[in-house]
Amino acid sequence: MIGLAHNEIASTLEAGDRPALPAALDGLVRTERVLRRSALLHLPGHVARLRPADAVVYDTVRAVLEEAGLDQPRLTVLAERLGRQPDELRRLLDKVGRLGWLVRVSNSYYALPETVAELARIADAVAREHPDGLLTVGRFRETAGIGRNLTMPLLEFFDGRGFTVRIEAGRRIRADWRVLAPIELA
């Protein structure tokens, strides 16, 4: 578990004590006795871990994704390879994604953060080679060596993260993309 949300903490308190919770949590966060990671709170030194059975599945998923290189497999292919149902596997992959160990590119694709970062670097290089600085679908797909089915969800993912900007002729890489940490892209 990464941490607890405010409402999860509040549910452990008596109703009369709940109004004081926001101020108490703010004080704990300010003094760093409790740390905040997005909307979740956790103690300093807390390390999120998967249940042993989930960790085994994740290790297998990671191995399959590493073996695939840049051309990540569809969720359905991944699930079939692991002998699992896609929806069941999606729940685990989303949990792993909240830990920062995987990136949900779309409903059908997950990728390792380092793979997404490498694909972003390739997209930037492709755009730099174009006379007008454009990132075109075909050139990106060809240069990255990824399949057509992954290319569009990945480019839409980049658009959604603000890494690329969609224009009529293709895409442009956002000028300040280098300030983005890989985890933000991922």
Side-chain angles (χ1 to χ4, degrees), residues 2 37-38 40 47-50 54-84 86-186:
I2 300 170
R37 180 177 179 182
S38 67
L40 301 178
V47 177
R49 291 184 180 86
L50 294 172
D54 290 345
V56 169
V57 174
Y58 168 69
D59 288 344
T60 305
V61 166
R62 182 169 184 86
V64 169
L65 295 178
E66 285 174 346
E67 179 185 313
L70 297 178
D71 197 16
Q72 302 290 275
R74 269 183 160 322
L75 174 63
T76 53
V77 171
L78 193 56
E80 185 178 313
R81 185 155 176 197
L82 274 67
R84 300 192 173 264
D87 287 338
E88 170 197 354
L89 186 58
R90 178 181 287 116
R91 283 189 291 277
L92 173 63
L93 299 183
D94 285 342
K95 182 189 309 184
V96 171
R98 288 189 295 276
L99 295 173
W101 301 347
L102 280 180
V103 176
R104 184 179 188 170
V105 173
S106 71
N107 283 336
S108 299
Y109 287 96
Y110 289 80
L112 299 170
E114 57 270 25
T115 301
V116 173
E118 178 61 21
L119 288 163
R121 283 188 285 277
I122 291 169
D124 181 57
V126 168
R128 286 176 184 272
E129 290 174 3
H130 192 280
D132 295 325
L134 291 177
L135 174 63
T136 60
V137 174
R139 187 74 177 116
F140 172 64
R141 184 180 70 233
E142 179 184 306
T143 303
I146 61 177
R148 181 176 49 96
N149 290 333
L150 173 59
T151 302
M152 287 314 298
L154 182 64
L155 290 173
E156 289 167 3
F157 172 82
F158 286 159
D159 293 344
R161 292 296 173 118
F163 171 65
T164 54
V165 176
R166 179 86 173 95
I167 60 173
E168 189 174 328
R171 286 174 169 78
R172 292 204 186 281
I173 305 295
R174 202 173 89 187
D176 60 348
W177 82 271
R178 291 185 195 286
V179 302
L180 299 172
I183 195 65
E184 289 181 44
L185 265 180

Carefully, step by step, assess Arg90 and Asp87 under the rule side chain to side chain contact (heavy atoms under 4.5 Å, CB included).
CA-CA 5 Å; Arg90 178 181 287 116; Asp87 287 338; 2.7 Å; yes
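- When every heavy atom of Phe140 is checked against every heavy atom of Ile146, the shortest pair comes out as CE2-CD1, 3.8 Å.
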Evaluate the side chain to side chain contact (heavy atoms under 4.5 Å, CB included) criterion for residues Ile173 and Phe163: first the C-alpha distance (whole Å), next the side-chain angles of each, then the deciding distance (0.1 Å), finally the verdict.
CA-CA 6 Å; Ile173 305 295; Phe163 171 65; 3.9 Å; yes
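- Val105 has its side chain out of reach of Gln72: every pair of non-hydrogen atoms, C-beta onward, lies at least 4.5 Å apart.
- Shortest non-hydrogen contact noted between Trp101 and Leu50 is CZ3-CD1, 3.7 Å.
- Considering Val96, Asp94, Val116 in turn, Asp94 is the only one that fulfils the side-chain contact (heavy atoms from CB on, under 4.5 Å) rule with Tyr110.
- Looking at Arg174, its side chain never comes within 3.5 Å of a backbone N or O of Val165 through a donor-acceptor pair.
- Between Leu154 and Tyr109 the shortest side-chain heavy-atom distance does not fall below 4.5 Å.
- Between Leu65 and Thr115, every side-chain heavy-atom pair lies at or beyond the 4.5 Å cut-off.
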Decide side chain to side chain contact (heavy atoms under 4.5 Å, CB included) for Leu112 and Arg62; before the verdict, give the C-alpha distance in whole Å, the side-chain angles of both, and the deciding distance to 0.1 Å.
CA-CA 8 Å; Leu112 299 170; Arg62 182 169 184 86; 3.1 Å; yes
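- With rounding to the nearest 0.5 angstrom, the OG1 atom of Thr143 is 9.0 Å from the CG atom of Leu135.
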Run the side chain to side chain contact (heavy atoms under 4.5 Å, CB included) check on Ile167 and Leu134 step by step: do they pass?
CA-CA 9 Å; Ile167 60 173; Leu134 291 177; 3.4 Å; yes
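- Remark: side-chain polar atoms of Thr164 are paired, donor with acceptor, to backbone N or O of Asp159 under 3.5 angstrom.
- Looking at every heavy atom in both residues, Gly147 comes nearest to Asp71 through N-OD1, 2.9 Å.
- For the pair Leu75 and Asn107, the minimum side-chain heavy-atom distance is 4.5 Å or more.
- Here CG of Leu92 is found 4.5 Å from CG of Asp54. Values are rounded to the nearest 0.5 Å.
- Here the shortest heavy-atom pairing between Phe158 and Ala123 reads CE1-CB, 4.3 Å.
- More than 12 heavy atoms of other residues, nucleotides or ligands lie within 6.0 Å of CD in Glu88, so this atom counts as buried by the packing criterion.
- Rounded to the nearest 0.5 Å, atoms CG (Asp124) and CG (Leu119) are 12.5 Å apart.
- The line from CZ of Arg172 to CG of Asp132 is 6.5 Å long, rounded to the nearest 0.5 Å.
- Glu80 places none of its side-chain heavy atoms less than 4.5 Å from the side chain of Thr76.
- Here the shortest heavy-atom pairing between Val103 and Pro113 reads CG2-CA, 3.9 Å.
- Counting only heavy atoms from C-beta outward, the side chains of Leu89 and Val61 approach each other to under 4.5 Å.
- No donor-acceptor distance shorter than 3.5 angstrom exists from the side chain of Arg141 to the backbone of Met152, with no hydrogens or angles considered.
- In this structure, CD in Glu142 is found 5.0 Å from CZ in Arg139, a value given to the nearest 0.5 Å.
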